[in-house]
Amino acid sequence: MTVDFPNKHFLINGEWVCSNTEIDLIDPSTGDVIAQVSEANNEHVNDAVGVAKDTLENTWKNITARERSTLLSTLGRLIEENYDVLASLEATDVGKPLRQAQADVKALARYMEFYAGAADKLHGDTIPYLKDYTVYTLREPHGVCAHIIPWNYPMQIIGRSVGAALATGNTCILKPAEEACLTALAFGALTKKAGFPDGVLNIVTGSGKTGASLSQHSDIDHISFTGSVSTGIKIQQSAAQNVIPVTLELGGKSPQIVFADADLDAALPFLVNAGVQNAGQTCSASSRILVQKEVYPKVVSMMAKQYEMLLVGSAMDDLDVGPLISKKQHEIVSNYIQQGKDLELVATGKYKEEINNGGFYCLPHLFVDVPADHSLAQNEIFGPVQIIMSFDDEDHAVEIANGTGFGLVASVWTQDGSKQMRMAKRLKSGQVFINNYGAGGGVELPFGGRGLSGHGREKGFEAMFGFTTIKTVAHYHG
Ligand code: NAP
Ligand code: MG
């Protein structure tokens with residue numbers, strides 16, 4: 001199977017369109033240019049929004065929920081059939097180890113399957129009211145949805161946001177990140193093949209300028225944004241100007257809390273993998289490990305041993321850790337590592353072999369005894385850097401865990417059932433995992449943040465509510 005989409009083009013109304021401005025796409029494993037993308041300007045964005053609006057009114061509104069479900073199922077099947085092509089595109093473009101890119105393809109297909117199944121299960125309510133009234137609610141799509149996504153998990157984020165928006169009857173304009181947009185374009189090509197009407201999904205590639213133009217457009221009805229806090233603030237300001245709802249999926253500083261009675265052998269792979277997966281460039285990366293003082297030396301030594309075995313190499317070498325996405329990201333992460341020079345560095349990973357190219361590699365770093373107010377304990381690094389901190393008791397653990405501006409994901413490792421319950425309630429976090437971390441990705445599980453991690457929920461059935469609005473109909477019939 002192949003997915004065909006032309007180089008240097010984006011997708012408006014089912015047509016591949018280009019502009020005069022091009023951006024180079026870089027393979028992070030080598031630093032080489034692998035393709036170019038066209039930058040959509042204000043006019044293109046305006047066209048895409050106009051098309052999405054017309055298609056909504058004239059075509060998509062007439063398509064039943066069951067038909068949307070069938071289209072999403074077909075799309076899911078096409079994604080599975082193109083598993084190898086999509087995985088190698090994502091691995092090359094993002095620099096992630098091939099196995100991790102393969103898992104992302106599976107997740108994208110699963111999102112389509114999940115939202116295909118959910119499309120015709122969403123309905124309103126009838127509400128008991130005054131005599132001679134019948135009151136019911138209609139769940140309606142917002143209309144034209146903008147999806148602005150980052151480079152770290154393009155396929156997964158397309159799956160959770162565009163999947164749910166299409167299932168609920170919205171038309172979409174997708175703006176992928178300039179560093180990694182190949183699988184977004186491939187996804188666009190597959191929607192055509194699956195039989196989605198032209199104009200239901202439009203894609204505009206380009207830099208932040210394209211994203212700004214899209215988010216400021218007065219005919220957008222909803223924005224789903226995944227990315228950094230600073231851009232999220234700008235997006236929310238644009239949404240405020242047009243008084244439209246916005247979902248913000250921002251960063252995190254997610255803790256794993258290890259109590260003295262935890263099954264440490266069971267915890268160990270989660271403690272490390274959740275920090276170094278995708279080279280730590282994961283919004284839900286677990287960058288803080290909080291360990292109760294009784295087992296602190298033991299956990300430090302277990303994690304250090306694990307770190308020393310971590311191998312770094314190219315996406316296609318398919319090792320534990322690939323390169324960072326870009327030179328810029330490499331500078332940001334290196335700067336944080338530099339800020340840790342006053343801390344104790346207990347272990348790093350290693351290169352499988354000497355790398356003699358322009359790839360953006362960074363060894364995983366494990367720091368210990370990090371004070372709670374240190375920049376490495378407070379800021380999202382978005383690289384393979386983890387810190388370990390010790391705590392005395394439950395109250396102390398909660399204080400440290402809730403002591404950053406973020407609140408995306410947390411996990412608790414203990415065999416004490418009461419403690420598990422108490423901690424789940426006390427943590428300021430969009431998701432809490434007990435004796436695991438991430439629950440295998442969980443397409444079904446509502447996901448989103450608190451505080452600086454954002455607001456609104458995607459994934460699971462909950463996203464179906466986020467991409468719709470309620471209309472209350474009060475019928476007086478005497
Ligand atoms: P970013 O710079 O905020 O970019 C995200 C998207 O917004 C990209 O498509 C970007 O375009 C676009 N953009 C940039 N400036 C814009 C503007 N002024 N108006 C509208 N759109 C604009 O984030 P990133 O560097 O790609 O991703 C890293 C950050 O995202 C991290 O902080 C991470 O935690 C967060 N993240 C969160 C989640 C989550 O689910 N919570 C998931 C992934 C990442 P260009 O790329 O073309 O500049
Ligand atoms: Mg790239």
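Every heavy atom of this structure was used, including side-chain atoms; hydrogens, water molecules and symmetry mates were not. Every number for a ligand or one of its atoms is a count from 1 in the order of the listing. Numbers here simply count residues along the sequence, with the first being 1.
At the shortest separation from atom 23 (O) of ligand 1 among protein heavy atoms lies Ser228 N, 3.3 Å. Closest to atom 38 (C) of ligand 1 among all protein heavy atoms lies Cys283 CB, 2.9 Å. Nearest protein heavy-atom contact of atom 25 (O) of ligand 1 is Trp151 NE1, 3.3 Å. With respect to atom 41 (N) of ligand 1, the closest heavy atom belonging to the protein is Leu250 O, 2.3 Å. Summary of contacts: the protein heavy atom closest to atom 28 (C) of ligand 1 is Phe382 CE2, 3.5 Å. Of the protein's non-hydrogen atoms, Pro150 CB, 3.6 Å is the one closest to atom 27 (O) of ligand 1. Closest protein heavy atom to atom 8 (C) of ligand 1: Ile149 O, 3.3 Å. Among all non-hydrogen protein atoms, the one lying nearest atom 32 (O) of ligand 1 is Glu380 OE1, 2.7 Å.
Within the set Ile148, Thr231, Thr226, the minimum heavy-atom distance to atom 5 (C) of ligand 1 is found for Thr226. Comparing Gln156, Lys175, His147 against atom 11 (O) of ligand 1, the shortest heavy-atom distance belongs to Lys175. In this comparison of Gly208, Ser213, Ala146, Cys181, the heavy atom closest to atom 48 (O) of ligand 1 sits on Gly208.
Ligand 1 is approached by Pro176 to a heavy-atom distance shorter than 4.0 Å. Judged by the shortest distance from any of its heavy atoms, Gln237 lies outside the 4.0 Å radius around the atoms of ligand 1. A heavy-atom separation below 4.0 Å is found between Phe447 and ligand 1. Using a 4.0 Å heavy-atom cutoff, Gly206 is listed among the residues neighbouring ligand 1.
At a 4.0 Å heavy-atom cut-off, ligand 1 touches Arg160 through the side chain alone. Looking at Thr282 against ligand 1, nothing comes within 4.0 Å, counting heavy atoms.
Using cut-offs of 30° and 60° on the angle between ring planes, the pair Phe382 and Trp151 is perpendicular.
At least one N/O-N/O distance between Glu249 and ligand 1 falls below 3.5 Å. Residue contacts with ligand 1: Lys234 is placed with no nitrogen or oxygen under 3.5 Å of a nitrogen or oxygen of the ligand (distance criterion only).
Of all the atoms in ligand 1, the ones that sit under 4.0 Å from a non-hydrogen atom of Phe225 are 3 (O), 5 (C), 6 (C), 7 (O).
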